[in-house]
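Data block below; observations after.
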Amino acid sequence: MSETPTRLVTAVILVAAGSGQRLGYGMPKAAVPLGGEPILMHALRGIVASGAGSQVCVALPPGHDGLRQLCEDFRQELADGGPLLSIVEGGATRADSVRAGLAALMDGIEAVMVHDAARALAPESVFDRVADALAAGAAAVIPAVAVVDTVKTVARTTGSDSELAPEVVTGTAPREELRAVQTPQGFRLTTLLKAHEAARGLDSKESEAVTDDAMLVEMLGTPVHVVRGSMQSLKITTPLDLILAEGLLEGPLGARWVEG
């Protein structure tokens, strides 16, 4: 029977600097209430419960004293045991926030998981699968779920066709090859640092096209491995997402769902 590979010393960068405009609460997404607590607190408690990181680095909206105080209070809860909690100001883009987190990592970190606070209910099992893949030798690993909808590529209509509909189908993607990508995304620290350094050379249009850290690693030509994600790891972006997340919290398995 083969031995389980030793897990790497890992930090989790929690990206929590989003504006949350589509939720309509008039506050940063991380501060929006979910089950009586801000979304940020659910994400933090989930990370700590997973045991995924020796350090958790939270990238917050600049100047948001309320969220910073929440983190400071949570740091006191962890004083008797748990990961080191670091707080940084997020940037104008997601990549900027991740880079701010990378700059605050403590010595000895070997791997990094980048997690979105908006996926506040990600189960511990997903963190485990990502950590195990990194320990087994993957340089980059992402959780994902199969796409159940038929996905088509489209183009904007022009001329007289625009009177019929705003878009026209140009092709149908093979559904069996498609995956919806989630977080936490895990990387060897050296790999992620190299990817973000290379990204500094992207122009503004190229930068806007990058939606996750795995894309930056793909640009290096480094294989990105995929493990099973979870339907519980929904991204809270719209009011409907928030309703679904509330439903998960009120479900039969309680506040922290367990999934194998």
Side-chain angles (χ1 to χ4, degrees), residues 14-16 18 20-24 29-30 32 34-35 39 42-43 46-47 49-50 52 94 113-134 136 138 140-157 164-187 208-219 222-260:
L14 182 62
V15 182
Q21 289 181 346
R22 281 177 285 181
L23 278 176
K29 185 187 296 184
V32 171
L34 169 64
I39 286 173
H42 290 279
I47 292 169
S50 75
R94 186 179 188 282
M113 290 188 193
V114 181
H115 188 40
D116 292 335
R119 297 190 188 273
L121 303 183
E124 296 166 27
S125 55
V126 176
F127 287 90
D128 288 338
R129 288 192 281 271
V130 172
D132 288 344
L134 289 171
V141 56
I142 58 176
V145 294
V147 173
V148 296
D149 296 317
T150 296
V151 179
K152 297 184 182 291
T153 56
V154 300
R156 295 193 66 81
T157 50
L164 303 177
E167 296 174 333
V168 63
V169 170
T170 59
T172 303
R175 188 169 63 183
E176 65 274 11
E177 297 178 9
L178 298 176
R179 297 292 181 269
V181 176
Q182 303 175 333
T183 65
Q185 298 185 353
F187 309 92
E208 289 173 4
V210 175
T211 53
D212 69 356
D213 293 88
M215 287 183 68
L216 297 179
V217 173
E218 291 167 43
M219 292 176 184
T222 301
V224 177
H225 291 83
V226 181
V227 297
R228 181 164 52 93
S230 169
M231 297 306 293
Q232 296 163 223
S233 301
L234 80 165
K235 187 175 184 180
I236 302 171
T237 302
T238 67
L240 177 58
D241 297 329
L242 193 60
I243 291 171
L244 293 173
E246 292 279 2
L248 288 176
L249 286 178
E250 295 171 3
L253 298 183
R256 296 300 307 179
W257 280 43
V258 177
E259 178 184 284

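Every heavy atom of this structure was used, including side-chain atoms; hydrogens, water molecules and symmetry mates were not. Residue numbers run from 1 in the order of the sequence given.
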* Just do the side chain to side chain contact (heavy atoms under 4.5 Å, CB included) check on Leu234 and Leu248 with the steps written out, would you? => CA-CA 10 Å; Leu234 80 165; Leu248 288 176; 3.7 Å; yes

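- Side chain of Arg129 to backbone of Pro143: no donor-acceptor contact under 3.5 angstrom is found.
- Across Val130 and Pro184, no two heavy atoms sit closer than the pair CG2-O, 3.5 Å.
- Applying the side-chain hydrogen bond (donor to acceptor under 3.5 Å, both in side chains) test to Gln185 and every residue at least two apart in sequence or in another chain returns Asp212.
- Looking at heavy atoms from C-beta onward, Gln182 lies out of side-chain contact with Asp116 at the 4.5 angstrom threshold.
- A donor-acceptor pair under 3.5 Å links the side-chain atoms of Thr157 to the main chain of Pro166, judged by distance alone.
- Comment: Arg175 does not engage Asp149 in a salt bridge, judged by the lack of any side-chain N to carboxylate O separation of less than 4.0 angstrom.
- At distances below 3.5 Å, at least one donor-acceptor pair connects side-chain atoms of Thr153 with backbone N or O atoms of Gly171.
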* Asked: Does the pair Val227 and Ile142 meet the rule for a side chain to side chain contact (heavy atoms under 4.5 Å, CB included), with working shown?
  -> CA-CA 6 Å; Val227 297; Ile142 58 176; over 6 Å; no

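- Residues Val114 and Val15 meet the side-chain proximity criterion, which asks for heavy atoms closer than 4.5 Å.
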* Quick one: do Val210 and Arg94 satisfy side chain to side chain contact (heavy atoms under 4.5 Å, CB included)? Show the steps, please. => CA-CA 9 Å; Val210 175; Arg94 186 179 188 282; over 6 Å; no

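- Contacts of Thr237 classified as side-chain hydrogen bond (donor to acceptor under 3.5 Å, both in side chains), with partners at least two apart in sequence or in another chain: none.
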* To do: In sequence, state the C-alpha distance, the side-chain angles, and the governing distance for Val145 and Met231, and then conclude on side chain to side chain contact (heavy atoms under 4.5 Å, CB included).
  => CA-CA 7 Å; Val145 294; Met231 297 306 293; 4.2 Å; yes

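- Judged by distance alone, the side chain of Lys29 and the main-chain N or O of Ile236 form a donor-acceptor pair under 3.5 Å.
- No hydrogens or angles considered: nothing links the side chains of Asp128 and Ser125 as a donor-acceptor pair under 3.5 Å.
- With a 4.5 Å cut-off on side-chain heavy atoms, Leu249 and Leu121 count as touching.
- At least one side-chain heavy atom of Phe127 sits under 4.5 Å from a side-chain heavy atom of His115.
- Counting only distance, with no hydrogens or angles, the side chain of Ser233 and the backbone of Arg119 share no donor-acceptor pair below 3.5 Å.
- Looking at Leu242 and Val32, their side chains come closer than 4.5 Å, going by heavy atoms from C-beta outward.
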